Participant: 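Mind having a look at this structure? Questions to follow.
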Protein chains: 2
Amino acid sequence: MDDLVPLREDLVDLGEAAALSRAERRDQTIRRILDAARKCFVASGFQGASMHQICAEAEMSPGALYRYFPSKEAIINAIAENDRREDMETFAAMFDNPSVVDGVVESTMAYIRHVHERDMAPLFAEIRAESMRNHMICATCLEHRDGVASRFETYLADAIAAGEIAPDVDLSTLLAMFMTIGEGFALNNLLALGVPENQIEILVRAMVVAMLKPAAPPATSSVS
Amino acid sequence: MDDLVPLREDLVDLGEAAALSRAERRDQTIRRILDAARKCFVASGFQGASMHQICAEAEMSPGALYRYFPSKEAIINAIAENDRREDMETFAAMFDNPSVVDGVVESTMAYIRHVHERDMAPLFAEIRAESMRNHMICATCLEHRDGVASRFETYLADAIAAGEIAPDVDLSTLLAMFMTIGEGFALNNLLALGVPENQIEILVRAMVVAMLKPAAPPATSSVS
DNA sequence: CTCCAAAGAGCGAACGTTCATTCGCTATTT
DNA sequence: AAATAGCGAATGAACGTTCGCTCTTTGGAG
């Protein structure tokens, strides 16, 4: 409605340097479609949202939209792919922090804030539900999960070498637990529920410290 | 196809004592519909599953099915209601355990096993995704959550009185964290991923102990 | 006990709607 | 001239739901 201004404006005003190439225009339109689709999917779910709703939100006709995506499923895949990647990148910020405890705590808190600020919970829930029955989405989730997991494993292994983690802790279990708990935070927008951020951090930190150095295993232990 | 045997069998064989009353027959049919619907919803999602699929799975016609539920939404509500209640009841088993640490750990482990044995993750994900946009389902989730939360709060308050929890811990935050982590376990069937149960328990216990007695608050801290 | 009217249970074709997708066309860009 | 972008009515399939019908069960009257 407000971008029906003449298309040649760019060309006239800025000359060929700033003119958008065909490919750039295409990318822009694709982004427009994905933004619209995301909005519709959050409101109605993957199956509940219709292509007509998405077209209306993107302000284009079905015929035009289908020049960019061959099917609804392709849009869903693209949305899931983008969302999972973004999520995992947020989480991966921790690997720059030399202290594992600080790294995990800070990136967990950053993630909690991220979920709140961008209201990621609904789409996350949708993607995760879809991943339970759609092979394509499942593969996307696993791919990004594994990407983070492998880097996480090296990160933790380094920490063991540095003595920050009890050497007898089972790395793959620890990793699975961290990711599981992270998904709990993705699903529950705690900040929106009014839980104070600093209180969350106290407990997250206590939790992380304890899990990195758990009490000696109950069998034949004599630590302390 | 295989239950076209005479309906009067019960009456003839067992006499009036074991004969099913109209109401009992009705309940049985309703359960049959709900079982079929659950199976379809797991396979295709709430919106993806069709009434015809559900009818086929329940081996009855649409006309018959609609004598028991006025709409698809009513079936979804009933499924969500049942599932959430069952989930929360499993979780509530802990309140019988006088030791909070043991209670929380054991019921968490029981919950993890429950999720695995009955393969609850897909339906949980579906319900949770739907709860983000469907007011009815949202209310159902909140209702059961609050039911557990209020009993949990008393449970924890008693533990504070008994000295098992640091008195300065923020109860509502602790509660929110426990439930959030629990949802992480509901979404990720760790046992199906091959994570060893005893390793999970070690970390869960470490986590619970630490959260109930977190380190002193970081304010004016002198961390190395 | 028999009989019968009423109610309950079941059926499956049919209804109207909505869905994802296609197609023939025009306008713009290269 | 060829390729790309955009349109929106049209299409056929699938959806949730309804309806008219038959069969069975029920409970009271005779």
Side-chain angles (χ1 to χ4, degrees), chain A residues 1 3-12 14-16 18-33 36-37 40-41 44-79 134, chain B residues 1 3-12 16 18-33 36-37 40-41 43-78 134:
Chain A
M1 227 199 250
D3 53 15
L4 291 177
V5 289
L7 296 172
R8 355 196 94 187
E9 189 180 19
D10 311 321
L11 292 167
V12 171
L14 306 167
E16 122 186 352
L20 296 173
S21 72
R22 190 103 87 178
E24 285 168 333
R25 281 191 156 280
R26 233 189 126 73
D27 287 351
Q28 220 172 47
T29 306
I30 286 177
R31 186 148 325 200
R32 182 153 59 96
I33 293 170
C40 293
F41 289 150
S44 316
F46 286 147
Q47 321 249 18
S50 77
M51 291 300 266
H52 285 273
Q53 280 174 48
I54 297 172
C55 287
E57 186 71 40
E59 296 179 51
M60 62 196 314
S61 67
L65 191 147
Y66 270 84
R67 294 223 183 255
Y68 297 89
F69 290 95
S71 67
K72 187 183 180 184
E73 211 196 356
I75 299 181
I76 294 175
N77 285 337
I79 295 260
N134 183 324
Chain B
M1 223 197 250
D3 53 16
L4 291 177
V5 290
L7 296 172
R8 357 195 94 185
E9 190 181 18
D10 312 322
L11 293 166
V12 171
E16 114 185 359
L20 297 173
S21 73
R22 192 102 86 182
E24 285 168 332
R25 281 191 155 280
R26 234 191 124 73
D27 286 351
Q28 221 172 45
T29 306
I30 286 177
R31 187 147 325 199
R32 181 154 60 96
I33 293 170
C40 292
F41 289 152
S44 316
F46 286 146
Q47 321 248 20
S50 77
M51 291 300 266
H52 287 270
Q53 280 173 48
I54 297 173
C55 288
E57 185 71 39
E59 297 179 50
M60 63 196 312
S61 67
L65 191 146
Y66 271 84
R67 293 219 185 259
Y68 296 88
F69 290 94
S71 67
K72 187 182 179 184
E73 211 196 355
I75 299 182
I76 295 175
N77 285 337
N134 182 325

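Each chain gets a letter, A, B and so on, in the order the sequences are listed, and its residues count up from 1. On a predicted model such as this, the values are computed, not experimentally measured, just so you know.
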Participant: Of all residues at least two apart in sequence or in a different chain, which pass the side chain to side chain contact (heavy atoms under 4.5 Å, CB included) check with A/Phe69?
Facilitator: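 Partners of A/Phe69 by the side chain to side chain contact (heavy atoms under 4.5 Å, CB included) criterion, ordered by chain and then number, come out as A/Ile30, A/Ile33, A/Leu34, A/Ala74, A/Ile75, A/Ala78.
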Participant: How does protein reach along nucleotides 7-19 of chain D, written 5' to 3' as B (base within reach of a heavy atom under 4.0 Å), S (only sugar-phosphate), or - (no contact)?
Facilitator: BB------SBBBB
Participant: Can you tell me the distance, in whole Å, between the CZ atom of A/Arg25 and the C1' atom of C/dT29?
Facilitator: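 Roughly 9 Å, once rounded to whole Å.
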Participant: Could you tell me how far apart A/Asp27 (CG) and D/dA5 (P) are, to the nearest whole angstrom?
Facilitator: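 Answer to the nearest Å: 11 Å.
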Participant: In Å, rounded to the nearest 0.5 Å, how long is the span from CD1 of B/Ile54 to CD of B/Glu57?
Facilitator: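 The CD1 atom of B/Ile54 sits 9.5 Å away from the CD atom of B/Glu57.
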Participant: Kindly write out the residues that satisfy side chain to side chain contact (heavy atoms under 4.5 Å, CB included) with B/Ala64, not counting sequence neighbours, or none if the list is empty.
Facilitator: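 Residues passing side chain to side chain contact (heavy atoms under 4.5 Å, CB included) with B/Ala64: B/Met60, B/Ser61.
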Participant: Just how far, in rounded Å, is C1' of C/dG10 from CZ of B/Phe69?
Facilitator: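 Taking CZ of B/Phe69 and C1' of C/dG10, I get 16 Å after rounding.
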Participant: Which heavy-atom pair separates A/Gly48 from A/Gln53 by the least distance, and what is that distance?
Facilitator: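 It is O-NE2, 4.0 Å.
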Participant: First locate atom CD of B/Gln47, then atom CZ of A/Phe46, and finally report the distance between them rounded to the nearest 0.5 Å.
Facilitator: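 Reported value, rounded in 0.5 Å steps: 12.0 Å.
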Participant: From CD1 of A/Ile54 over to P of C/dT18, roughly how many Å is that when rounded to an integer?
Facilitator: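 From A/Ile54 CD1 to C/dT18 P: 17 Å.
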Participant: Just the rounded figure in Å: distance from P of C/dA9 to CZ of B/Arg32.
Facilitator: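 The distance from CZ of B/Arg32 to P of C/dA9 comes to 12 Å, rounded to the nearest Å.
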Participant: Is the shortest heavy-atom distance from the side chain of A/Asn134 to the side chain of A/Glu73 under 4.5 Å?
Facilitator: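 Of all side-chain heavy-atom pairs linking A/Glu73 with A/Asn134, at least one is under 4.5 Å.
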